[in-house]
2 protein chains.
Amino acid sequence: MDKHAQAADKAWHSSPRMTDVAKLAGVATSTVSRALANPGRVNEETRRRIAAAAEQLGYIPNTAARNLRVGRSTIVLAALPGPSMIFGASQIIPAVLQGLASTVAEGGFDLIFSNRNSPAAARHVVDLAFGGTVRGVVVLGAADLPAYGSRSLADAGIPVVSLLTDRSAAGIPSVVTNDRAAMREGVLHLIALDHRSFFYIAGESGNYHEVERFSGLLDALAVVGLSDRAVIRHGGHLGFNEGFQNGVEAAHAYLALALARRPTAAVCCADDAAISFIGTVRSNGVAVPEDVSIIGFDGAAVGAFCVPPLTTLEQPAEDLGAQAARIMLDLLGGAAMPAPKTTVPSRLLLRASTATPSGRSER
Amino acid sequence: MDKHAQAADKAWHSSPRMTDVAKLAGVATSTVSRALANPGRVNEETRRRIAAAAEQLGYIPNTAARNLRVGRSTIVLAALPGPSMIFGASQIIPAVLQGLASTVAEGGFDLIFSNRNSPAAARHVVDLAFGGTVRGVVVLGAADLPAYGSRSLADAGIPVVSLLTDRSAAGIPSVVTNDRAAMREGVLHLIALDHRSFFYIAGESGNYHEVERFSGLLDALAVVGLSDRAVIRHGGHLGFNEGFQNGVEAAHAYLALALARRPTAAVCCADDAAISFIGTVRSNGVAVPEDVSIIGFDGAAVGAFCVPPLTTLEQPAEDLGAQAARIMLDLLGGAAMPAPKTTVPSRLLLRASTATPSGRSER
DNA sequence: CTGTTAGCGCGTTCAC
DNA sequence: GTGAACGCGCTAACAG
């Protein structure tokens with residue numbers, strides 16, 4: 001490649017500006033601007049000339065200049081809790097993000113990610129909002145809104161949507177699954193199978209999902225007049241990211257119970273715990289579901305291939321993300337405040353890990 | 001709240017500009033600009049005044065204006081293949097992204113995501129690059145670089161790093177795991193256990209990982225002088241996203257083999273397939289690892305809790321992402337072209353699904 | 001319908 | 001060491 005070709009090559013690479021398009025089409029830049037934004041408000045003939053010129057030059061508008069001029073960007077921020085793009089086998093977060101990303105993209109927006117586990121990270125989230133980098137924020141999980149000093153995300157003057165956690169009480173539109181009602185339904189299923197004693201494997205104490213799901217369990221017991229004493233509760237010290245370990249520890253606790261005192265059903269706050277619980281008790285001679293039935297929560301794909309296949313409450317993960325995105329898009333489009341709380345229901349997935357209790361008393 | 005208070009409230013919310021800080025500190029905007037960027041090139045006393053003013057006002061620089069002025073943004077794009085933030089139980093992609101996101105954030109950059117499954121999506125990726133929205137692109141998996149018309153990402157004049165797929169031949173710095181060597185090591189382990197016949201469960205035919213891993217298997221056979229006829233290859237029509245189904249189908253194919261013809265070891269292109277393969281053959285009376293040993297690929301966390309626990313080749317997913325991010329940061333920092341290919345090795349995780357063949361001949 | 005003009009908020013000359 | 005002036009690329013007024 002000779003020098004001349006190189007120069008031409010370089011010119012090819014450097015992005016042409018609107019001025020270049022205007023010059024080539026023989027019009028003013030403002031006309032080019034309109035032709036691209038309001039194709040209706042410009043003569044068809046000149047519009048074609050401009051389109052042709054833009055096409056020929058490979059013109060692509062400069063984002064920064066446009067954003068500066070119009071005073072807003074086209075980026076939505078997903079503020080994640082901890083470094084938790086990884087989240088057990090359940091993959092709730094990745095699936096939710098996928099739904100969020102797809103729908104946001106359909107709306108013509110881009111999605112940027114940020115963790116907020118460290119103070120610095122939380123501060124960064126706030127800066128992105130106040131600095132005009134992002135146009136709206138979807139907050140996933142966790143308890144407190146990103147903030148630092150006296151500045152909170154809530155004061156940034158941009159739309160905020162809460163995903164997975166219900167913050168409607170704080171005036172933030174929220175998209176959640178029906179953790180409580182779903183768990184209630186799942187346990188009622190166990191009760192219908194004749195289970196009357198339960199082993200509950202808790203998530204992190206105080207965690208939103210943990211609280212909701214345990215409440216759902218109690219709700220179900222109340223329905224049939226069973227007292228809270230029908231359930232032995234284990235765990236609470238491990239987070240959802242440590243679900244597997246949680247299940248193993250719970251299994252040891254279960255195995256430590258005298259045979260007669262062992263509940264006939266184990267209810268898990270998450271599939272990860274259910275899976276490792278099953279693996280551990282089975283290798284210690286406990287039959288599933290004969291000796292103990294197990295029900296998980298999340299609907300992890302791998303559950304269908306466990307031995308035995310796991311009965312679980314499937315979260316509509318992608319839908320959750322898509323719904324949140326839709327609400328955000330409406331808000332960005334100037335819609336009025338949406339429903340404070342959108343619930344996308346989980347559904348009970350019956351598989352072989354639950355059955356009528358049978359084994360133990362006959363052995 | 002009366003009208004006046006509301007106005008004050010609004011003023012509180014609207015982001016202060018650099019002018020406001022300058023006014024409050026009694027200096028010119030240019031001085032404020034320097035004080036924030038080159039703290040050294042300004043009088044300590046005035047610098048403090050400016051810092052105080054900025055702090056008091058909660059000043060946060062406007063990103064768009066800054067980007068426009070300096071001609072570059074601070075956003076890195078992760079271009080994902082398909083809608084594959086979800087990727088089986090292995091969660092390779094989410095884990096890789098987590099590593100990428102963390103390290104990119106440490107470098108002071110933000111991460112934006114984009115799929116490129118549809119032509120429109122691919123075009124959008126190119127526009128983001130040419131429009132100056134993003135400063136560099138990390139391309140994950142898949143074969144072709146995003147492009148449309150005559151414009152390709154490669155011509156955008158910004159750094160491109162390939163992650164998971166080796167594109168070093170195309171001059172793009174790549175970060176990959178040693179798929180081939182890892183698989184070779186895994187199979188040599190099986191050979192050391194006395195296995196001489198293999199059942200290979202393939203990923204999608206032509207897929208980079210599939211090709212590399214199968215080659216690794218053949219490499220191992222060659223080491224001990226076994227011919228390719230020692231392996232029965234199954235699959236190839238299902239993608240990595242359909243790993244579970246792939247394993248089930250493979251299991252049926254395996255079960256359809258006459259007992260005497262069944263290989264003593266199954267080598268899987270991914271953990272998902274291994275897990276569902278195990279589940280399916282076991283419920284059909286095949287003992288693992290007595291009748292057949294199984295080895296997977298990826299190191300999915302759930303593998304440790306399968307029955308039996310899965311021997312696998314663990315991919316250093318987060319490291320892969322972190323390495324790619326580091327290279328991108330170097331490139332953005334003006335470093336010279338880095339090593340064309342960075343390999344982050346997988347490691348063999350020995351668990352109970354592999355053992356010396358024993359069961360069948362004695363039954 | 002189209003051209004002219006005037007900034008958006010910031011960083012970077014260039015004088016003082 | 002600091003201030004004044006200019007312009008990044010684009011859109012939104014306002015004329016014509």
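So that the names make sense, note that chain A is the first sequence line, chain B the second, and so on, each numbered from 1.
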A:Val27 has its side chain closest, among C:dG3, C:dC8, D:dC8, to C:dG3
note: B:Met18, atom CE; C:dT12, atom C1'; distance rounded to Å ~ 12 Å
Under a 4.0 Å heavy-atom cutoff, the residues of residues 32-49 of chain B touching DNA chain D are B:Arg34, B:Val42, B:Asn43, B:Thr46
Tell me whether the side-chain N/O atoms of A:Tyr59 come closer than 4.0 Å to OP1 or OP2 in D:dG9. no
Point to revise | Under 3.5 Å: donor-acceptor pair, side chain of B:Asn38, backbone of B:Arg41 | key: no
When rounded to whole Å, the CZ to P distance for the pair A:Arg17 and D:dC8 reads 8 Å
Whole-Å distance, A:Phe130 CZ to C:dG9 C1', equals 18 Å
Lys/Arg cation over aromatic B:Phe130: B:Arg151, 6.0 Å, 45° cone: yes
Can you tell me whether the side chain of B:Ser30 and the base of C:dG11 have a donor-acceptor pair closer than 3.5 Å? no
Looking only at D:dA4, C:dC10, D:dA12, the nucleotide nearest the A:Arg69 side chain is D:dA12
Whole-Å distance, A:Asn62 CG to C:dC10 P, equals 17 Å
Does D:dC10 have its OP1 or OP2 closer than 4.0 Å to a side-chain nitrogen or oxygen of A:Thr29?
no
Do A:Ser102 and A:Glu106 have side-chain N/O donor and acceptor atoms under 3.5 Å apart?
no
Picking from C:dG9, D:dG3, D:dC10, the nucleotide nearest the side-chain atoms of A:Ala65 would be D:dC10
So does B:Gly131 get a backbone contact from the side chain of A:Thr63, meaning a donor-acceptor N/O pair under 3.5 Å? yes
Would A:Arg135 count as a cation-pi partner of A:Phe109, with NZ or CZ less than 6.0 Å from the six-membered ring centre and within 45° of the ring normal?
no
inquiry  = Check this for me, if you would: do B:Asp330 and B:Arg326 make a salt bridge, where the nitrogen-to-carboxylate-oxygen distance has to be below 4.0 angstrom?
reply    = no
